[in-house]
Amino acid sequence: MTDSPLDLIGFDTLLSDDERATRDRVRAYVDAELRPHIAQWYDAGVFPTEIIKPMGALGLLGMHLQGYGCGGRSAVEYGLAAAELEAGDSGLRTFVSVQGSLAMTAIHTFGSEEQKQQWLPRMAAGDAIGCFGLTEADAGSDPASMKTFARRDGDDWVITGSKRWIGLASIADIAVIWAQTDEGIRGFIVPTDAAGFAATPIAQKLSMRASIQCDIELDEVRVPASAQLPGAEGLRGPFTCLNQARYGIVWGVMGAALDSYRVALNYVQQREVFGKPVAAYQLTQQKLVDMALEIDKGFLLALQLGRLKDAGQLQPHQISVGKLNNCREAIAIARTAREMLGGNGVTLEYSPLRHANNLESVRTYEGTDDVHTLVLGNSITGIAAFR
Ligand SMILES: Cc1cc2nc3c(=O)[nH]c(=O)nc-3n(C[C@H](O)[C@H](O)[C@H](O)COP(=O)(O)OP(=O)(O)OC[C@H]3O[C@@H](n4cnc5c(N)ncnc54)[C@H](O)[C@@H]3O)c2cc1C
C-alpha cells in the first residue's frame, strides 16, 4: 500500500539528492506552518502576512533567480517547491509566484542595475512586497488592448488608467505596472504610496480566499524616468515574466491534485458504507487509479519541462502544454476527490473542494484553457486562431 501515486512509478529516482532535499524542506514547512491554519485563513478570507518573512528565510522568494540575495535554485527545485506550497493552498503558492516569478523576474530581467540593487535583496528577504499589474477590466486574455497610458512630462512619466485582479497590490510596496506609451508597451516600477495610486481588494471571492487580488486606480501617477524598466519593450516584457510563473503553475497544480488524492484515499479507507470501507468497492478503486495515473503523468510532464528549462531549451508553447494539461487534470482530480468524501467533502475540514475552487482561478490566470489551446493549435497547424 502507498499513499503516493508517485511511488507507483518510482518518481523519486528521477530526482537528485539536492532536489529531494529542497522538496522535503518545503514540505516540512508547509506541514508545520501552513496546513494547520489554511482552513481558517480561507474561511476568514485573509492572506496571512506573517508567512512572508519565513518564506523569505526559506529562500522561496525569487528562488529561481541568481544574485541579489535570491535563491539561485534550478527550475526543477523551484517546481518541486511550488508543488509543495500548492499542496497547502493555491493562494499561498500564488503569493510566491506573484512576488518571485512576476514582480522580481520583471526587475531581474528588465531592470537597471540600480533598480535590481534597490529592490531584489529586500524582496528576496520578504522585507518588500511587489505586485504585477498587467490585466485591466477590459483587457485580460488580450493584454495588447490595455488602455493604461504613460505619457512623458519632462524627465518624468505620468501614468493614468486602471488594473484589475492584481495580486498583493494592497500590501505591496511597489507595483510593476505595464502601460501603453507613444513607443509601445513599457513597464514601470511604481511605489504604491505615490500620489494618485490606490489599490482596493476584490471582495466576495469564491476562490483563492487566502490571497489578495485588487483593483488598482492610477490617477496621474508621476514617477521619475528612473522608474522605467529599461530592458522591457512591448509585450515581450510581461510575457517573459508570465512564462516563468506559468512554469511554476505546471508543478503547483499537481501539488493540489496530490493533496486532494491523499485526503480522498485516507477517507475511503476509514469510511464504511454498506458494511465495507468505501475503498473496498471497484467503483472507488477505479477513481483512485484514474487519479493516480493523471498525477503521475502530470508530474512527469512537469519534470520534463523543468529539465528543458534548466537546459535553456524550454519553448513557450511547451509551457502551454503543461499549463493546459495539468490545470485541467488537477481540477478534475480535486472534484473527484470531493465526490469521494460525500457530504463531508463540502466542508473546509477537508481540502479537495477548497483546492477545486482555487484551481478555477489558476486555470484562468496567466492564460485560460482557451488561450493555451489556441497557442497549441497555432503550434500544431501554423494557423493563429486568436481572432
Ligand atoms: C485569482 C486571480 C489572480 C490574478 N492575478 C493577476 C495578477 O497578479 N496580475 C495580473 O495582471 N492579472 C491577474 N489576474 C488576471 C488574469 O490573468 C485574467 O483574469 C485572465 O488573463 C483572463 O482575463 P479576463 O478575466 O479578462 O477574461 P477574458 O479575457 O475576458 O476571457 C473571457 C472568456 O473568453 C475566453 N477567450 C478569450 N480569448 C478567446 C479567444 N480568442 N477565443 C475563444 N475564447 C476566448 C476566455 O478563455 C474566457 O473563457 C488574476 C486573475 C485571477 C482570477
Side-chain angles (χ1 to χ4, degrees), residues 42 45 47 86 89-106 129-148 161-172 174-180 185 187-188 190 192 199-218 232 235 237-246 248-249 252-253 256 319-320 323-324 327-328 331 354-378 383-387:
Y42 193 95
F47 171 66
E86 197 148 353
D89 189 78
S90 301
L92 305 180
R93 193 273 304 149
T94 295
F95 158 63
V96 168
S97 295
V98 170
Q99 173 85 348
S101 294
L102 295 177
M104 291 175 74
T105 296
I129 301 299
C131 66
F132 184 89
L134 178 65
T135 303
E136 300 181 358
D138 295 321
S141 301
D142 178 18
S145 64
M146 72 172 69
K147 298 281 192 303
T148 298
S162 60
K163 297 285 173 185
R164 181 158 172 80
W165 287 117
I166 308 310
L168 305 174
S170 59
I171 60 164
I174 50 165
V176 173
I177 295 291
W178 301 96
Q180 302 279 5
I185 290 171
F188 301 89
V190 179
T192 55
T200 310
I202 295 172
Q204 298 190 322
K205 285 182 298 171
L206 297 172
S207 171
M208 292 281 189
R209 289 185 50 75
S211 73
I212 300 170
Q213 286 81 32
C214 297
D215 283 309
I216 291 180
E217 286 297 326
L218 298 126
L235 279 177
F239 281 178
T240 299
C241 309
L242 288 174
N243 275 334
Q244 179 61 42
R246 286 167 178 159
I249 290 172
V253 294
I319 301 175
S320 290
K323 206 237 173 205
L324 176 61
C327 284
R328 196 156 64 185
I331 202 165
R354 173 170 55 80
H355 285 310
N357 281 359
N358 283 337
L359 290 167
E360 291 289 352
S361 288
V362 184
R363 78 186 314 186
T364 300
Y365 65 41
E366 295 167 24
T368 64
D369 287 11
D370 293 330
V371 165
H372 289 290
T373 300
L374 290 166
V375 168
L376 292 171
N378 189 13
I383 305 169
F386 291 91
R387 44 186 99 240

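Along the sequence shown, residues are numbered consecutively beginning with 1. Counting convention: from 1, in listed order, for ligands and their atoms alike. Computed from a prediction, not measured in an experiment: that's the story for all the values here.
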Just go through [options] and tell me whose heavy atom is the nearest to [atom].
atom                    : options                        : value
atom 21 (O) of ligand 1 : Gly140, Ser361, Ser145, Ala385 : Gly140
atom 17 (O) of ligand 1 : Glu366, Lys163, Glu360, Arg363 : Glu366
atom 29 (O) of ligand 1 : Ser207, Ser141, Gly133, Ala245 : Ser141

Considering only protein heavy atoms, which is closest to [atom], and at what distance to one decimal place?
atom                    : answer
atom 7 (C) of ligand 1  : Trp165 O, 3.2 Å
atom 20 (C) of ligand 1 : Thr364 O, 3.5 Å
atom 34 (O) of ligand 1 : Asp370 OD2, 4.7 Å
atom 2 (C) of ligand 1  : Tyr365 CD2, 3.5 Å
atom 10 (C) of ligand 1 : Thr135 OG1, 3.3 Å

Would you say [atom] touches the protein, meaning some protein heavy atom is under 4.0 Å from it?
atom                    : result
atom 51 (C) of ligand 1 : yes
atom 41 (N) of ligand 1 : yes
atom 25 (O) of ligand 1 : no
atom 32 (C) of ligand 1 : no
atom 12 (N) of ligand 1 : yes

Ligand 1 atoms in contact with [X] (distance to a heavy atom under 4.0 Å):
X      : result
Leu374 : 40 (C), 41 (N), 42 (N)
Leu134 : 11 (O)
Phe132 : 7 (C), 8 (O), 9 (N), 10 (C), 11 (O)
Gly167 : 7 (C), 8 (O)
Thr368 : 46 (C), 47 (O)

Do side-chain atoms of [X] reach the backbone of [Y] as a donor and acceptor pair under 3.5 angstrom?
X      : Y      : value
Gln180 : Met146 : yes
Lys323 : Gly367 : yes
Thr364 : Glu360 : yes

Less than 4.5 Å apart, any side-chain heavy atom of Phe132 and any of Ser101?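 No. Closest side-chain heavy atoms not under 4.5 Å.
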Are the side chains of Pro143 and Phe239 in contact, using a 4.5 Å heavy-atom criterion? yes
Compute whether any side-chain donor of one residue and acceptor of the other, for [X] and [Y], lie under 3.5 angstrom apart.
X      : Y      : answer
Tyr365 : Thr135 : no
Gln99  : Ser97  : no
Ser162 : Glu136 : no

Is Thr94 touching ligand 1 with its side chain, its backbone, both, or neither, if touching means heavy atoms under 4.0 Å apart?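 The answer is neither.
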Is the shortest distance from a Lys or Arg side-chain nitrogen in Lys163 or Asp215 to a carboxylate oxygen in the other one below 4.0 Å? no
Between Arg246 and Glu366, does at least one N-O distance fall below 4.0 Å, as a salt bridge requires?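 No salt bridge links Arg246 with Glu366.
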Might you confirm whether atom CG of Asp142 has over 12 heavy atoms from other residues, nucleotides or ligands at distances under 6.0 Å?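 Yes, CG of Asp142 has more than 12 neighbouring heavy atoms, counting only those of other groups under 6.0 Å.
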Would Gly367 count as a polar contact of ligand 1, with the cut-off being nitrogen or oxygen pairs under 3.5 Å?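 N/O-N/O distance below 3.5 Å does not exist for this pair.
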Side chain to side chain contact (heavy atoms under 4.5 Å, CB included) test vs Ser90 passes for just one of Asn357, Asn358, Val253, namely Asn358
